[in-house]
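Notes follow the structure.
A note on names: the letters A, B, ... follow the listed sequences, proteins ahead of strands, and every chain is numbered from 1.
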Amino acid sequence: MTEYLEQSLRRVVSGLATSETPLPDDLELEFEQPKNPEHGDLSTNVAMKLARVLRRAPRAIAQDIVDGLQALPVDPLRIDSIDVAGAGFINFRFATGFLQKGLSGILAAGPAFGHSESGKGKRVLVEYVSANPTGPLTVGHGRNAVLGDTIANLFAACGYDVTREYYFNDAGRQMRVLGESVRARYLGFVDPDGETRLISSGETEIEVPASFPEDGYLGGYIVDIAQQLFEQHGDALAADDSVEPFQQAAQTAIFAEIDATLARLGIRMDEHFNERSLYESGKVWETVDRLREKGYVYDADGAVWFKTSELGKEKDTVLVKSTGEPTYRLPDIAYHVSKLERGFDLAVDVFGADHIATYPDVLEGVRILGFDPSRIDVVIYQFVTLVRGGQPVKMSTRKATYETLDDLMDEVGEDVTRFFFLMRSSNTHLEFDLDLAKEASEKNPVFYLQYAHARICAILRKAEEVGFVFDDTTDLSLLNHETESALIKVLLQLSDVIGGAAETREPHRVATYLREVAVAFNQFYQHCRIIGEEQGLATARMALARATRTVLANGLSVLGISAPERM
RNA sequence: GCCCUCGUAGCUCAGGGGAUAGAGCACCGGUUUCCUAAACCGGGUGCCGCAGGUUCGAAUCCUGCCGAGGGCACCA
């Protein structure tokens, strides 16, 4: 609709230009949905924008435009009325025929309704989760995972070829400490009377074997892994000093657990990219050499430095430590170059706010190496606070108070978990109210959406029971109740909402929109009966209910939330 | 000190140049012989953090200040 109006409007507006008052070349014709329904279905502010250029009163310009549009004329099957209002707005009201056509379009498209081809032929890589396998996923990882997964869904709905990638590093210090922690625990099983010591963990102290690393991992899962190794191998692993088998076992076990946690959320990654491969392929050192060729790298104090001070930062940044070991920035640059070299048109990263400082360096590196940094986009999300009884829940990584994503899902369920992570803009701090989340009632926004869907399914079941006949000759023009046309108008916005959410990487727009759909449906449901009305009207309303179910189901599907048929 | 994000109703948050600033929760009241009442309807005196600026028009953009969170390592 907006495309059609834009064409007509552009023709009329270009006729307003005179030699003394030419129109700006970059004049954008904007349409918006007025907040107040009395102002019509679409509105444009061109007349006000042109007032300065044309040196005329906005309302007079608006009137000329309206006259021009009506002289064209504008398709009466799509547009019912065009008015000048307020300071110079031009308001359009849709013809009912347009709404009926849109409604049949929803039913015809079915599960594909709301999807588009706008990203067809483009490949996008969405990198998310990317937690190193050192322990179970936390609530913070949960927001990352759900956000990234839904952004990937949004791209897929827009026709992009999407790859979901998990980046990890099993070669660093973290993983070595993990292996050492497991080994120490294992030795504790081999020699239960061996020496121990106490490590303080928050307010408590935990007893660990003497060989346990100072900054080792204290979680109970480490003990489980060690115990399993002991049961399988006895003391056979104790002879060797190598931590390798312990690290391997831990990594395998933890990855299995992470995959299981993600699977509960309906998340399946396409690729796992190991940072180590960037070393094995020589990409890391190649990146240093290429940056050096470009003149952005120098040696000092035994380390290799990146001249970030020439790129708007206060200080230069170390790429390779004097020990010869790279800092994480270097493989990060190599990794992002690899994303673009693999042929992705767009690479989206999902990062917690604590990583906010790292990516400008990566973008600069990528740019210097000759790639367009606008092909990399970073979504930053702020931290999550769990709230119970009005009090924040302490989430210590060391103390096992309330930290894992699995615990959260056990308490509130998978659908609620996903929805709560998605219902707020990612760049605001998220307050996760456990009391509200657990409440299986009207207060819980997830249930409100799911209930609307289930309710429609109930109507359709009932219709079948009473032997309702769906005939093909549905006369949608019978849908002229206020709540009916309001509902249709909302339903027709799904494509725009999904497209906009994909473009801005803002899944919460879909969540906000689905509530509007459910509200509009409930209002319709309240005023209009379906079963029991005369056949023609009942069939038309049934069509409207089915279209609503389609929109709710498709929207929830993008969010990765189930659309139950009964509740 | 510097950088990023945020500051909107009692609480949690939408809205991010446009017409009278919205929703949920909480609180008060009402609606069911009828397809799911997990619903619907009614009830709001908000310096849109503060002060300037840009604009025909600012909650929205710019600058400064105040407040909250996060980041500023040869840690990841």
Closest listed nucleotide, where the reference is the side chain of A:Q523 and the choices are B:rA76, B:rC13, B:rC41: B:rC41

Residue A:N45, side-chain heavy atoms: nucleotide from B:rC6, B:rG18, B:rA39 that is nearest: B:rG18

N or O in side chain of A:Y525 less than 4.0 angstrom from B:rU32 OP1/OP2: no

Nearest-angstrom distance, C1' atom, B:rG15 to B:rU20: 15 Å

Side-chain heavy-atom pair A:Y217, A:T134 within 4.5 angstrom cut-off: yes

Any A:N36 side-chain heavy atom under 4.5 Å of A:H39 side chain: yes

From A:F255, A:Y335, A:F273, residue fulfilling ring-ring contact (aromatic ring centres under 6.0 Å, His included) relative to A:F168: A:F255

B:rG17 and B:rU60, which share atom name P, separated by this distance in whole Å: 10 Å

Under-4.0 Å side-chain N/O to phosphate OP1/OP2 contact, A:K321 with B:rA76: yes

Phosphate contact (B:rU36 OP1 or OP2) by A:H453 side-chain N/O below 4.0 Å: no

Between B:rG30 and B:rG69 - C1' atom distance, rounded Å: 43 Å

Presence of A:N36 side-chain N/O under 4.0 Å of B:rA19 phosphate oxygens OP1/OP2: no

Sugar-phosphate, base or nothing in reach of A:A454, heavy atoms under 4.0 Å: base

Distance test, side-chain N/O of A:K35 to OP1/OP2 of B:rA19, below 4.0 Å: yes

A:Y448 side chain, from C-beta outward: closest of B:rC13, B:rA39, B:rA38: B:rA39

Sugar-phosphate, base or nothing in reach of A:Q33, heavy atoms under 4.0 Å: nothing

Out of B:rA14, B:rA76, B:rA39, whichever nucleotide has its closest atom nearest the side chain of A:R455: B:rA39

Could you write out each protein N or O paired with an N or O of nucleotides 66-72 of chain B at a distance under 3.5 Å?
| unit_1 | atom_1 | unit_2 | atom_2 | d |
| --- | --- | --- | --- | --- |
| B:rG70 | O2' | A:A353 | O | 3.2 |

pair A:Q382-A:R143: side-chain heavy atoms closer than 4.5 Å: yes

Nearest-angstrom distance from the residue atom CZ of A:R515 to C1' of B:rA38: 12 Å

A:M567 side-chain proximity, nearest of B:rC13, B:rA19, B:rA38: B:rA38

Beyond-backbone contact of A:F89 with A:M48, side-chain heavy atoms, under 4.5 angstrom: yes

Cation-aromatic face contact A:R329/A:F306, 6.0 Å, 45 degrees: no

Residue-phosphate contact under 4.0 Å: A:R329 side-chain N/O, B:rC75 OP1/OP2: no

Of the listed nucleotides B:rU20, B:rC74, B:rG18, the one nearest the side chain of A:V318: B:rC74

Minimum-distance nucleotide (side-chain atoms of A:K462 versus B:rC35, B:rA76, B:rA37): B:rC35

pair A:L9-A:V46: side-chain heavy atoms closer than 4.5 Å: yes

A:F89 aromatic ring stacked with six-membered ring of B:rA19, 5.5 Å and 30°: yes

Secondary structure string for RNA chain B (Watson-Crick or G-U under 3.5 angstrom, | for other-strand pairs): (((((((..((((....[...)))).(((((.......))))).....(((((..]....))))))))))))....

